[in-house]
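To keep things clear, I will list the structure first and then write my remarks on it.
Keep in mind that this is a model prediction, so the values were computed, not measured. Proteins get letters first, then strands, A, B, ... in listed order; numbering begins at 1 in each. These values consider heavy atoms only, across backbone and side chains, with no hydrogens, waters or symmetry-generated copies.
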There are 2 protein chains.
Amino acid sequence: MFADRGYARAGVEEIAEVAGVAKHTVYNHLGDKENVFHAAMEATGNAVMAENVAAAEHLAMDGAADPDAVRSRLEDVANRLLVQCCDPRSWALRRLLNAESASFPDLLESVWGHGADRLRQTLADRMARLSLAGVLRTCDPVEAAEQFLALLTGPMEARSQFGTRPVPEAELRGVVNAAVSTFLRAFQSDHLSATASAAAS
Amino acid sequence: MFADRGYARAGVEEIAEVAGVAKHTVYNHLGDKENVFHAAMEATGNAVMAENVAAAEHLAMDGAADPDAVRSRLEDVANRLLVQCCDPRSWALRRLLNAESASFPDLLESVWGHGADRLRQTLADRMARLSLAGVLRTCDPVEAAEQFLALLTGPMEARSQFGTRPVPEAELRGVVNAAVSTFLRAFQSDHLSATASAAAS
DNA sequence: GCCAGTTTGCACCCGTGAGTGCAGTTGATT
DNA sequence: AATCAACTGCACTCACGGGTGCAAACTGGC
């Protein structure tokens, strides 16, 4: 409801109706429209973040020997992250967070607060391991994670028109490939990229 | 008003009061609250986009000979873009666009429509020139522009908490440096980056 | 000074939606 | 069977805000 109509346009009665419950019951449980909103946001936020972190955790370091494995590993994770990221729930969450963070200042921290941090930190941990294993050049892993995410979500935001347009699979794959290519060019350790380009030629 | 409170919470009477005009006059000129919103969004959108494009146009190709000049040139443009991007008006525009694009489907195209495209194309033009001049490796200039923007705006979104937190100058400078560094590692033509790393060592 | 068009202040209508009160129903426990 | 808690349906209050009508005040042009 909130996702479709926004906070103001979503009526408590409608919400109760959809939930298969009487309006009064909603007030009995949560007391307040603001509380209903907060609860819904928190639940959705936790769910989305858990999925995102789970996707990021697929970036393991086995088979780190050859560069092709690293690339396909990164592409896999990138794909998982983008699929999560393009989920309607995920878009709705970001939209609402963005829209209502001005009206409800505490919303950001309680919903997104450590969520975004956790995703970035999880990714940063994997980056650090890859860096230590000599696959990536030595760099600030947090910065690497941040830019990896930026290369994925940035282009998506523009292409999906803030989530209003469904993005075809092929385009999504293109964004993933472009992001991973750029990321590897910037962060792959020098001797590996040299052997990769030698193998390619 | 719309920026502070969102569409629903912004009252026409308040708007008129702030504008130093009677509510009736607003209705005489624009007829409708929806129209008021549309007009405000369009005006702000055009202004913001004009500034962004102007910032992007600072990426000229003179002094393209040595890599240091390219870096400082990119940093300059990146800084200009980020400053525009962090302007409260700019944040508010994106927030409202994001929030109300579900309720007003035509808003996106009429306000952001070719705006975002124009910025990306403008930047892509400069990228193409740099690529042709041998400063950047041969690549899809649109993709390069897209990722350059992503490397700038992506980290900003997270750090400024969707625009609710003011970002200190130093942090902004850090994002700019990191973005330009990553971009150059990924897109600088090979012989130039070789000479650059040789000069650094 | 006169007039047309615009602006203003004010009161008003009315739809909407948050939140409440109350009486009746259900359902589980003992 | 009795009880107690929660749930339901319904009517209701009340504040808010979009939009309108009207008479008075102002504006520039002749």
- Taking all non-hydrogen atoms of both residues, which atom of B:Phe162 and which atom of A:Arg94 are closest, and how far apart?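 Reported closest heavy-atom pair: CE2-O, 4.5 Å.
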- Task: Report yes or no: is there a donor-acceptor pair, N or O only, under 3.5 Å between the side chain of B:His24 and the base of D:dC22?
- Result: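 Answer yes: a donor N or O sits under 3.5 Å from an acceptor.
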- Query: Per the atom types in the model, does the base of D:dG19 pair as donor or acceptor with the side chain of B:Lys23 at under 3.5 Å?
  - Reply: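 Pair found.
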- Message: Looking only at side-chain N and O atoms, does A:Glu42 offer a donor or acceptor that is under 3.5 Å from a partner on A:His38?
- Response: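 Distance-only check passes for A:His38 and A:Glu42.
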Nearest-Å distance for atom pair [atom1]/[atom2], residues [X] and [N]:
X       : N      : atom1 : atom2 : value
B:Glu14 : D:dG18 : CD    : C1'   : 13 Å
B:His29 : C:dT8  : NE2   : P     : 9 Å
B:Phe37 : D:dG18 : CZ    : C1'   : 16 Å
B:Glu17 : C:dT8  : CD    : C1'   : 14 Å
B:Glu34 : D:dG19 : CD    : C1'   : 14 Å
A:Asn28 : C:dG21 : CG    : P     : 12 Å
A:Glu13 : D:dC10 : CD    : C1'   : 10 Å
B:Leu30 : C:dT7  : CG    : P     : 11 Å

- Taking the six-membered ring of A:Tyr7 (Phe, Tyr or Trp), confirm whether the NZ or CZ of A:Lys33 is under 6.0 Å from its centre and within 45° of its axis.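 Judged by the rule, A:Lys33 and A:Tyr7 form a cation-pi pair.
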- Which listed nucleotide (C:dT7, D:dG18, C:dA18) is nearest to the side chain of B:Tyr27?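 The listed nucleotide nearest to B:Tyr27's side chain is D:dG18.
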- If you check the B:Lys33 side chain, which of D:dT8, C:dG19, D:dG18 turns out closest?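 Given the options D:dT8, C:dG19, D:dG18, the side chain of B:Lys33 is closest to D:dG18.
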- Task: To the nearest 0.5 angstrom, please state how far the CZ atom of B:Arg118 sits from the CG atom of B:Leu123.
- Result: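 Reported to 0.5 Å precision, the distance equals 13.5 Å.
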- Have a look at B:Ala8 and say if it touches a base, only the backbone sugar-phosphate, or nothing, with a 4.0 Å heavy-atom cut-off.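 It contacts nothing in the nucleic acid.
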